[in-house]
**Q** 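Shown below is the structure under consideration.
The model shown is predicted, which means the values in this text are computed figures rather than measured ones.
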Amino acid sequence: MANLRPWLDEQGERFRVAEIVVKCGPFRAVIPDALSAAWDVVREEHAMTRDSAITINPTAITVSCADCGHSFDARRPVFKCPNCGGEGLSFSGGNELYIEDIKTKLEE
Ligand SMILES: [Zn+2]
């Protein structure tokens, strides 16, 4: 989130961040509590983010099994196909970690 800073500096004096929404895939070993604790530290550094909240939006992984063709969504990494027990799984998605949305407001 270090790249948020230059962007903030370009905004006007009354600009405030109300909420930051982070998209986080299950393959990212990010614990939501740790991420919000980190944000609590970061937001204190800047008047524009001081009163902001963080929302973490978990995404799912799409898993497909090469053995039986079964395809499903998982919220955490899986190592065996729940349908046939096969281990020939391929994954798509789940690596996301980015700022999805920043809700802003102007101070009165
Ligand atoms: Zn299978």
**Q** Do Ile102 and Thr104 touch side chain to side chain, with heavy atoms closer than 4.5 Å?
**A** yes

**Q** Rounded to the nearest 0.5 Å, what separates atom CD in Glu44 from atom CG in Asp51?
**A** 8.5 Å

**Q** Could you give the distance from CD (Glu13) to CE (Met48), rounded to the nearest 0.5 Å?
**A** 6.5 Å

**Q** Nearest 0.5 Å please: distance from the OG1 atom of Thr55 over to the NZ atom of Lys23.
**A** 12.5 Å

**Q** Would Asp73 and Ile61 satisfy side chain to side chain contact (heavy atoms under 4.5 Å, CB included), going step by step from the backbone distance to the final call?
**A** CA-CA 5 Å; Asp73 284 345; Ile61 319 165; over 6 Å; no

**Q** Taking Glu45's backbone N and O only, do any of them form a donor-acceptor pair with Thr49's side chain (distance below 3.5 Å, no angle check)?
**A** no

**Q** Stepwise, does the salt bridge (charged side-chain N to carboxylate O under 4.0 Å, His left out) test hold for Glu19 with Lys103?
**A** CA-CA 5 Å; Glu19 186 185 359; Lys103 290 169 186 158; 3.4 Å; yes

**Q** Judged by atom type as modelled, is there a donor-acceptor pair below 3.5 Å linking the side chain of Ser52 to the main-chain atoms of Ala18?
**A** no

**Q** Please find the pair of heavy atoms, one from Ala74 and one from Val63, that lie closest to each other, and give the distance.
**A** CB-CG2, 4.0 Å

**Q** Testing Val22, Val21, Ile20 one by one against Asp101 for a side-chain contact (heavy atoms from CB on, under 4.5 Å), which residue passes?
**A** Val21

**Q** I need the Glu87 CD to Lys80 NZ distance, nearest 0.5 Å.
**A** 5.0 Å

**Q** For Arg75 versus Pro26, what's the shortest heavy-atom pair and its separation?
**A** O-CB, 3.0 Å

**Q** Any side-chain heavy atom of Asp67 within less than 4.5 Å of one from Cys81?
**A** no

**Q** So, taking the atom named CG in Leu35 and the one named SG in Cys24, what distance separates them when rounded to the nearest 0.5 Å?
**A** 6.5 Å

**Q** State the CH2-CD1 distance between Trp39 and Ile56, to the nearest 0.5 angstrom.
**A** 11.0 Å

